[in-house]
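Note sheet for the following structure.
Every chain is numbered from 1 and lettered A, B, ... according to where its sequence line falls, protein lines coming before strand lines.
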Amino acid sequence: MERFEKKLTKTDEGSMLVIPARFSRNHMRPVEGGRSENIRVVDVGGTEWTFGYYVRRHRNPRPVLRSGWRRFVLEKELKVGDRIIFERVDGFPELYRIGAKKRIHLFGQVVWTDVL
DNA sequence: AGCCATGCACCG
DNA sequence: CGGTGCATGGCT
């Protein structure tokens with residue numbers, strides 16, 4: 001799994017992007033629990049973003065993207081049910097690419113459109 | 001209000 | 001039982 005895709009939940013839209021545990025284990029540098037580390041993410045339009053990669057501690061350890069994530073969501077106008085694709089850029093330890101797709105209704109059909 | 005850190009609960 | 005969605009409480 002070099003990339004993951006997920007439908008945004010309410011948590012993802014409102015506060016933080018929960019990263020699939022397997023992806024973080026396999027493709028992201030381990031971060032000390034409770035510490036936040038910035039990672040660089042480039043979107044499809046070439047814009048570079050910096051997100052705080054944070055690993056929760058204690059009973060529910062889990063990797064999330066937090067600082068900066070909300071701004072991304074607002075800027076792209078992402079909603080629950082939209083999808084994002086997140087993948088690592090080969091050869092760059094802390095560089096990732098992100099793409100978003102929005103659910104829109106067009107002539108009664110559900111259509112997925114890329115967000116730039 | 002928004003960010004931060006984590007507790008809780010549910011589901012496969 | 002691990003993974004993850006959601007809630008909450010403190011702080012600014």
Problem - W69(A) versus S15(A), closest heavy-atom pair with distance - result: CD1-O, 3.7 Å
Exercise for the section: Grab the two heavy atoms, one from E13(A) and one from V73(A), that are nearest each other, plus how far apart they are. Expected result: O-CG1, 3.6 Å
Handout entry: Partner set under side chain to side chain donor-acceptor pair (under 3.5 Å) for N60(A), not counting sequence neighbours
Key = none
Exercise for the section: Sugar-phosphate means primed atoms, P, OP1 and OP2; the rest is base. With that split, encode nucleotides 7-12 of chain C 5' to 3' as B, S or - using protein heavy atoms under 4.0 Å. Expected result: ------
Problem - Along DNA chain B, first and last positions that approach a heavy atom of chain A under 4.0 Å - result: dC3(B) to dA9(B)
Handout entry: With D82(A) via side chain to side chain donor-acceptor pair (under 3.5 Å) - residues at least two apart
Key = K102(A)
Fill in the blank from the handout: Assert: residue with more 5' nearest nucleotide on DNA chain B, out of G14(A) and Y54(A), is G14(A)
Completion exercise
Grouping ILVMFWY residues whenever side-chain heavy atoms fall under 4.5 Å, the cluster of L74(A) otherwise contains none
Problem - Presence of K6(A) side-chain N/O under 4.0 Å of dG5(C) phosphate oxygens OP1/OP2 - result: yes
Practice task
Would you jot down, in residue-number order, the residues of residues 63-77 of chain A having a non-hydrogen atom under 4.0 Å from DNA chain B?
Solution key: R66(A), S67(A), R70(A)
Exercise for the section: Return the set of residues passing side chain to side chain donor-acceptor pair (under 3.5 Å) with T113(A) (not counting sequence neighbours), or none when no residue passes. Expected result: none
Completion exercise
Residue set satisfying side chain to side chain donor-acceptor pair (under 3.5 Å) with R57(A), at least two apart, ordered chain then number -> none
Practice task
Just report the end-to-end axis angle for the helix from dA1(B)-dT12(C) to dG12(B)-dC1(C), five pairs per end, to 10 degrees.
Solution key: 10°
Exercise for the section: For residues R3(A) and R97(A), determine if any side-chain heavy atom of one lies less than 4.5 Å from a side-chain heavy atom of the other. Expected result: no
For a quick test of your reading: what N or O donor-acceptor pairs under 3.5 Å do the side chains of residues 39-47 of chain A make, sequence neighbours left out?
from, atom 1, to, atom 2, distance (Å)
D43(A), OD1, G45(A), N, 2.8
D43(A), OD1, G46(A), N, 3.0
D43(A), OD1, T47(A), N, 2.9
D43(A), OD2, W49(A), NE1, 3.0
D43(A), OD2, K76(A), NZ, 2.8

Exercise for the section: May I ask you to test the K6(A)-L17(A) pair for a side-chain heavy-atom distance under 4.5 Å? Expected result: yes
Practice task
Quick one: name the residues clustered hydrophobically with V80(A), using the 4.5 Å side-chain heavy-atom rule over I, L, V, M, F, W, Y, and just say none if it's on its own.
Solution key: none
Exercise for the section: Indicate, with a heavy-atom threshold strictly under 4.0 Å, whether R35(A) touches base, sugar-phosphate, or nothing. Expected result: nothing
Completion exercise
ring-ring contact (aromatic ring centres under 6.0 Å, His included) filter on Y96(A), not counting sequence neighbours, yields F86(A)
Handout entry: SB check E37(A) R29(A) (cutoff 4.0 Å)
Key = yes
